[in-house]
Amino acid sequence: MHFSALSLARQALKGHRGWTRTWRALEQPKSHYDVIVVGGGGHGLATAYYLAKEHGITNVAVIEKGWIGGGNVGRNTTIVRSNYLLPQNNRFYEWGMKLWEGMSRDLNYNVMFSQRGVLNLAHSPAQLEGYMRRGNSMRINGIDAELLDRDQVARMVPGMDVSDKARFPVAGGLLQPRGGSARHDAVAWGYARGADSLGVDIIENCEVQGFLFEGDRIVGVDTVKGPVRAGKVGVAVAGNSSRVLAKAGFERLPIESHVLQAFVSEPLKPLIDTVVTFGAGHLYISQSDKGGLVFGGDLDGYNSYAQRGNLPIVQDVASMAVTLFPNLSRLRLLRHWGGVMDMSMDGSPIIDKSPKEGLYINAGWCYGGFKATPASGWCFAHTIARDEPHDLNAAFRLDRFRTGRTLDEKGAGPVPRLH
Amino acid sequence: MYLNCPFCGHRHLEEFTYEGDATISWPTLDSQDIGSWTDTVYQRRNPAGPHREYWQHVHGCRQFLIVERDTTTHSIHKVEVAGPWAGETAPRNTEAKQ
């Protein structure tokens, strides 16, 4: 069913009783596919969509342990940006930004992508100079970046404490005007609908329990609904990559799983019309269309597969929010939750062929998975279809740690909790 | 989350810093085998379940501890002393408080 103002008007006249399912409800997978994508999150669904759309491979199954939209694609703070320092990251995320800009039209599904700007605050002249360097790196790669002084920041975000009395006075900021946020559920549903309409099978509640081998080659997966064979298998299960890939024989990966908490406040009248990040700690905050403030901060800092964290981070993040916006001090939290991150050893992702023939890996998304959804799917689809990485993900190799070509955006070293 | 420090007793998570996987083995310092250095520095088992890991009681006795903790439930199974004093105090479990 095509969505348009006309179809909306027609359905309104019929009492909205004529809408059909967004994607087919399939109980059982077929016995064989050309490609199986393990993981029905944003990245897996986008991969299946672009396999069908860009490469004409439509005999594809997306196999998901839970339900669509129930994993990390529904557990993030919905921020979209491409404001990186390293050119390999910049080019990749900027391609993602371009896909975001056309996504609602391409999918015929409103993902509520709102380019409200992403503003990184600097709290010292040195930090502002660091941002200048990053902004220049962005502009060299054709990405929009503007350096703001304190007065410009104050005009842009009126509720914020930019006074000299603040514990960490604001010195300025780096703004990416094209950055913003999107509705994360709609992204998952939109890609699921798009892939499904091109013939992709989406199988929910179908956990992968193992991989099928013929010699060293991977020829399918074993699921709770029986074995499914395939020419190629792509794994996009960030958060659980170590767990799933262990079943394929990968004893160790350059990844640790960590829990990251996120928070939503009770709804407010419009207060923050952009995405603001606090530079003297780690806080990112924006306001949803429903009025709730959506924010998050650092990892809890220890390995975890539990989708919940501990209270010190709640206090830490809330105190940063109040430092920046003193008028939030009596605001109550409405919801808070944890998601499990694939923290890679250098803070950058992995999209690559694996050393095992027939198996492809998409992992290590750290904090950056949601914004990367379209570019990740696009590049992973290319890597699977052509059996070689695209230029855009050529740096995101699995063996870069051995070859010394790590992509450490912050220079934090091989300590996953610091990225 | 609480850790039962062998020297200081039950203390809250905020007093400790996490120092990562305690099961990695180190090559000899003059080793030129790039494979074993890569494994040590970058490769992790990252188990879902019991995990042996280093913590440091930075806001207490400052000792390094080896903790066995379940990464799916955050429950602590065992806390031991690391380093030259290892084995001098009995390992503590932390069933009383989590």
Side-chain angles (χ1 to χ4, degrees), chain A residues 237-247 250-259 298-316 338 340-348 350 363-364 397-406 408 413-418, chain B residues 1-3 10-27 31-60 64-79 94 97-98:
Chain A
V237 293
N240 286 295
S241 296
S242 298
R243 229 171 171 176
V244 172
L245 289 168
K247 299 178 204 295
F250 290 85
E251 248 178 62
R252 290 162 189 264
L253 287 172
I255 289 170
E256 284 182 5
S257 294
H258 283 254
V259 60
D298 269 323
L299 299 168
D300 272 42
Y302 43 81
N303 287 42
S304 174
Y305 283 91
Q307 287 175 318
R308 60 184 166 80
N310 269 288
L311 290 171
I313 285 288
V314 180
Q315 186 176 18
D316 186 46
V340 181
M341 310 287 110
D342 258 20
M343 296 306 296
S344 70
M345 281 288 174
D346 61 357
S348 294
I350 295 159
R397 307 302 290 264
L398 181 60
D399 69 354
R400 66 175 182 268
F401 302 93
R402 189 177 56 77
T403 58
R405 293 188 170 84
T406 54
D408 192 340
V415 186
R417 67 183 178 279
L418 299 182
Chain B
M1 206 157 87
Y2 290 83
L3 293 179
H10 268 288
R11 296 299 179 90
H12 191 242
L13 175 66
E14 281 180 299
E15 295 189 9
F16 299 86
T17 53
Y18 182 67
E19 299 295 341
D21 193 335
T23 64
I24 50 175
S25 58
W26 289 78
S31 166
Q32 297 191 9
D33 175 16
I34 198 75
S36 51
W37 279 111
T38 306
D39 283 352
T40 299
V41 177
Y42 294 113
Q43 299 284 81
R44 297 289 178 266
R45 257 190 350 104
N46 191 24
H51 187 233
R52 274 175 74 79
E53 55 200 23
Y54 291 113
W55 289 77
Q56 191 190 5
H57 196 183
V58 277
H59 299 301
F64 278 87
L65 308 172
I66 297 177
V67 175
E68 190 180 303
R69 185 179 57 93
D70 192 314
T71 57
T72 59
T73 61
H74 297 168
S75 61
I76 315 287
H77 299 150
K78 208 170 13 171
V79 181
T94 54
K97 296 181 198 170
Q98 287 298 338

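The analysis underlying the following values was restricted to heavy atoms, covering all of them including side chains, and did not include hydrogens, waters or symmetry mates. Remember, predicted model here, so these are calculated numbers, not experimental data. So that the names make sense, note that chain A is the first sequence line, chain B the second, and so on, each numbered from 1.
The nearest pair of heavy atoms linking A/G239 to A/S257 is O-OG, 2.9 Å. Residues A/S242 and B/R45 approach most closely at CB-O, 4.1 Å, considering heavy atoms. Of all the heavy atoms in A/S348 and A/R400, the pair that sits closest is O-NH2, 2.9 Å.
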Practice task
Decide yes or no on side chain to side chain donor-acceptor pair (under 3.5 Å) for A/D346 and B/Y42, but give the supporting numbers first.
Solution key: CA-CA 9 Å; A/D346 61 357; B/Y42 294 113; over 6 Å; no
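Highest contact tally toward chain B, considering only A/A246, A/P416, A/P312, is held by A/P312 [criterion: heavy-atom pairs under 4.5 Å]. Contacts with chain A were tallied for B/V41, B/D70, B/D39; B/V41 has the most, counting heavy-atom pairs under 4.5 Å. When each of B/L13, B/T38, B/I34, B/T71 is scored by its heavy-atom pairs under 4.5 Å with chain A, the top score falls to B/T71. Contact count against chain A (heavy-atom pairs under 4.5 Å) is highest for B/A48 among B/A48, B/G49, B/G35.
Only the side chain of B/W55 comes within less than 4.5 Å of a heavy atom in chain A; its backbone stays farther off. Of the atoms belonging to A/R417, it is side-chain heavy atoms, and not backbone ones, that fall under 4.5 Å from chain B. In this structure, the portion of A/R243 lying under 4.5 Å from any heavy atom of chain B is its side chain and not its backbone. Residue A/E256 touches chain B through both its backbone and its side chain, counting heavy-atom pairs closer than 4.5 Å. With a 4.5 angstrom heavy-atom cutoff, A/S344 does not touch chain B via any of its atoms.
With respect to the salt-bridge test (charged N to carboxylate O, under 4.0 angstrom), the residues B/R69 and B/E53 qualify.
Side-chain N/O atoms of B/H59 and B/E14 include no donor and acceptor closer than 3.5 Å.
The main-chain N or O of A/G364 is found under 3.5 Å from a side-chain atom of A/D342 such that the two form a donor-acceptor pair.
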